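Remember, predicted model here, so these are calculated numbers, not experimental data.
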Amino acid sequence: MKKLLLSVLIGLLVIVPSVQAEYPDRPVTFVVPWPPGDLEDVLTRMIAEEFQKEYGVAAAVVNKPGGGGGPFPGAIEVANAPADGYTVGSFIIAIPVVGPNIGIPELNPNPFDPIGNFLTYPFVIAAGADAPYDDMQGLAEYAGSNDVALGHFGAPLIPTRVTLAMARQMGFSYSSDAAFDELNCNTLASGDVDVINTTLQLVFPCKDQIKILASISSERIGITPDVPTASEIVPELDIALWNGLFVHKDTPAGAREKIIAVARKVVASDAAKKLAMDTGALIYWQDAQAAQSQIEKDIQTLQLIGKILE
């Protein structure tokens, strides 16, 4: 009798499906592959705070800096984490577009799915107030017979490559270029370089005392509506530095939907609108399908930029 009862109980354990806790039932980590303080970090922290409030579990941002051109330790951490929605990547364009092609085994093939993009950085090309040119065409003409030095955040970064490719397509080149840890009003005022490629918020304090020649963004920046985008000047350079949320490809749909619901709420909030107004950032929600199409388009554009710069 005992054997029969034991057999029945074992049989029930086999045929009755296990009951899993509803997501989320434990802490969620948002991984940002940059140091704290920049726009992607601020917005991701807003998303984490709202996630915690909405679902009643701890949600934290972990910063894992690793450079805009790799090796992306933050992305590797998300790739190696269980595909359960408890580790979410807040990634710039370079991770899905460049990461699979630079010899990082964990990122090739691309292990991530976008669940939505939410930010385009307000990158601009700027010159000092005393520059003898007011726009990119004027710069091109001036550089034809004068030395012009360019400052940027790093040669492999997409905004830098767009800046150099724009010069090539407009028929000129910078006499020299150099990477800086920070590019702000003082960089131009000091005369270290003549033109800088930087984010608008870093030169916002002196916006009225410098010349902004172009923006490297998906549309004109609200704070500088008269400044054309790079793609308006050179149409084939239609690419910008964006940031989005990514999860492992095997992450359940239910987890994705809950992360998306919070992110959409945050980007539509008054706090996000104020951040956009104060910095020139484009803050929005681009859904997973559109984000994937964006990635595929940007891969092609970056390949074209590579050919221009050969």
Side-chain angles (χ1 to χ4, degrees), residues 31-34 39-40 66-80 83 88-123 125 152-169 197 199 214-219 229-251 256 260 263 281-282 284-310:
V31 179
V32 174
W34 292 97
L39 290 169
E40 77 293 326
F72 308 128
I76 292 172
E77 179 171 321
V78 179
N80 289 335
V88 182
S90 182
F91 296 157
I92 61 166
I93 175 179
I95 289 175
V97 172
V98 178
N101 304 312
I102 56 175
I104 303 175
E106 293 88 348
L107 303 185
N108 187 12
N110 179 13
F112 306 118
D113 277 340
I115 60 174
N117 292 339
F118 60 84
L119 165 69
T120 300
Y121 299 82
F123 260 89
I125 300 172
H152 53 72
F153 285 118
L157 300 185
I158 287 171
T160 305
R161 293 180 66 78
V162 170
T163 302
L164 295 173
M166 185 189 302
R168 186 75 59 89
Q169 293 300 85
N197 175 282
T199 56
S215 68
I216 301 174
S217 55
S218 53
E219 59 186 71
T229 65
S231 61
E232 288 181 81
I233 300 168
V234 181
E236 53 266 42
L237 301 180
D238 186 15
I239 192 169
L241 194 75
W242 48 256
N243 204 92
L245 295 179
F246 288 77
V247 293
H248 195 281
K249 289 182 180 292
D250 297 327
T251 300
R256 299 179 190 219
I260 289 169
L282 301 177
Y284 51 88
W285 185 253
Q286 183 183 53
D287 67 28
Q289 183 176 355
Q292 183 58 45
S293 297
Q294 183 74 53
I295 290 168
E296 293 166 4
K297 172 184 169 296
D298 288 344
I299 289 172
Q300 295 178 352
T301 303
L302 204 56
Q303 289 172 346
L304 175 60
I305 290 172
K307 291 178 181 179
I308 292 172
L309 294 176
E310 283 178 352

Once side chain to side chain contact (heavy atoms under 4.5 Å, CB included) is applied, do any residues pair with N101, and if so which ones, sequence neighbours excluded? none

Interatomic spacing from CG in L107 to CD1 in I102 - rounded to 0.5 Å: 7.5 Å

Does V162 form a side-chain contact (heavy atoms from CB on, under 4.5 Å) with F123? I'd like the steps, not just the answer. CA-CA 11 Å; V162 170; F123 260 89; over 6 Å; no

Within a strict 4.5 Å, meaning less than it, do heavy atoms of the N108 and I104 side chains meet? no

If I compare all heavy atoms of V32 with all of E40, which pair ends up nearest, and what's the gap? CG1-CG, 3.9 Å

Donor-acceptor contact below 3.5 Å, side chain T163 vs main chain P159: yes

A side-chain contact here means heavy atoms from C-beta on lying under 4.5 Å apart; do T251 and D113 qualify? no

Value for CG (L282) from OG (S217), rounded to nearest 0.5 Å, stands at 6.0 Å

Could you tabulate the donor-acceptor pairs under 3.5 Å formed by side-chain atoms of residues 236-246, not counting sequence neighbours?
{"unit_1": "E236", "atom_1": "OE2", "unit_2": "Q169", "atom_2": "NE2", "d": "2.6"}
{"unit_1": "D238", "atom_1": "OD2", "unit_2": "K297", "atom_2": "NZ", "d": "3.4"}
{"unit_1": "W242", "atom_1": "NE1", "unit_2": "D298", "atom_2": "OD2", "d": "2.8"}
{"unit_1": "N243", "atom_1": "OD1", "unit_2": "I92", "atom_2": "N", "d": "3.3"}
{"unit_1": "N243", "atom_1": "OD1", "unit_2": "Y121", "atom_2": "OH", "d": "3.1"}
{"unit_1": "N243", "atom_1": "ND2", "unit_2": "S90", "atom_2": "OG", "d": "2.9"}

Below 4.5 Å, heavy atoms only, C-beta onward: do I295 and V97 meet side chain to side chain? yes

What is the distance from atom CZ of F118 to atom CD of Q286, rounded to the nearest 0.5 Å? 12.0 Å

Least distance between heavy atoms, G99 atom then F72 atom: CA-CE1, 3.9 Å

A side-chain contact here means heavy atoms from C-beta on lying under 4.5 Å apart; do P122 and L39 qualify? yes

Any non-hydrogen side-chain atom of H152 less than 4.5 Å from a side-chain atom of L157? no

Heavy atoms of G154 and T160 approach each other most closely as O-OG1, 2.8 Å

Within-4.5 Å side-chain heavy-atom neighbours: E296 and Q292: yes

Between the OG1 atom in T301 and the CD atom in Q294, the distance rounded to the nearest 0.5 Å is 8.5 Å

Find the distance between CZ (R161) and CZ (R168) and round it off to the nearest 0.5 Å. 10.0 Å

Are any of the side-chain heavy atoms of Y284 and T120 separated by less than 4.5 Å? yes

Considering non-hydrogen atoms only, spot the tightest contact between F112 and A79 and give its length. CE2-N, 3.7 Å

Calculate, to the nearest 0.5 Å, the distance between atoms CD1 and CD1 belonging to I93 and I299 respectively. 9.0 Å

